[in-house]
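Presented below is the structure to which this report refers.
We name chains A, B, ... by the order of the sequence lines, and we start the count at 1 in each one. Quick caveat, the model's predicted, so the values are computed rather than measured.
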Amino acid sequence: DTGVSQDPRHKITKRGQNVTFRCDPISEHNRLYWYRQTLGQGPEFLTYFQNEAQLEKSRLLSDRFSAERPKGSFSTLEIQRTEQGDSAMYLCASSLEASETYEQYFGPGTRLTVT
Amino acid sequence: DAKTTQPPSMDCAEGRAANLPCNHSTISGNEYVYWYRQIHSQGPQYIIHGLKNNETNEMASLIITEDRKSSTLILPHATLRDTAVYYCIVRVMGMRFGAGTRLTVKP
């Protein structure tokens, strides 16, 4: 399967713990995006990378959140000192840089539950 | 950022056309209109996009008004598997999803 993959699919953690999620984009895609989605809401943009450069961060991405894409391939999203409000689905998407269009392909998401 | 407005929910009979409207009155001249859908517990799925002209692909048709302030996604023959939340988006990088329209296709 050559789609976007995310690991783990589910994560349960206690408040105050750190968690890290991984996203593997479609291999030739140089853009990678992170979103967060809570129940009943549409996905909220967090950040995106072009190759290894992080080009935009939403104000939703607090100091406890950090994302990396060290070699321009896979990406990690770390949440430090998790809070119950961090419980959500974390979605990753990738796209291929093109002149006009930026169709994004989404992974299945990582569902985080903070207890 | 250009905002979009969609009805929160719609019903459609199986086999009939589903017409999903979207208002984007503040769209800029170079912003595309994108449609995605999200079936329960899955990541969003790209459907179609357009700039000025109407577009059609194997999944749907997109009708954009001449002033580009609104658009309509058309699923020509809706099936039960088309039940999903449909999002209309006009921001490309770091897409800003709204709440979308929950389409329920009924037998």
Shortest non-hydrogen separation from B:Tyr87 to A:Gln37 and the atoms involved
OH-NE2, 3.5 Å

Does CG in A:Leu39 sit with more than 12 non-hydrogen atoms of other residues, nucleotides or ligands closer than 6.0 Å?
no

Interatomic distance, CD@B:Gln45 vs CZ@A:Phe106, rounded to 0.5 Å, equals 11.5 Å

Cut-off 4.5 Å, heavy atoms of chain A, and the answer for B:Gln38 is side chain

Within a radius of less than 6.0 Å around CD of A:Glu52, do more than 12 heavy atoms belonging to other residues, nucleotides or ligands occur?
yes

Exceeds 12 heavy-atom contacts within 6.0 angstrom, atom CD1 of A:Ile12:
no

Could you report the tightest heavy-atom contact between A:Leu91 and B:Pro44, atom names first, then the distance?
CD1-CD, 3.9 Å

Gap between atom CD of A:Glu103 and atom OH of B:Tyr32 - 0.5 Å precision:
13.0 Å

With the side chain counted from C-beta on, respond yes when B:Tyr46 and A:Gln104 share a heavy-atom pair under 4.5 Å apart, and no when they do not.
no

From A:Tyr35 atom OH to B:Phe97 atom CZ, the distance as rounded to the nearest 0.5 Å:
5.5 Å

Mind checking whether A:Leu96 and A:Trp34 sit in one hydrophobic cluster, side chains of I, L, V, M, F, W, Y counted as touching below 4.5 Å?
no

Take a 6.0 Å sphere around CZ of B:Arg102 and say whether it holds more than 12 heavy atoms from other residues, nucleotides or ligands.
no

Other residues, nucleotides, ligands: >12 heavy atoms within 6.0 Å of B:Arg16 CZ:
no

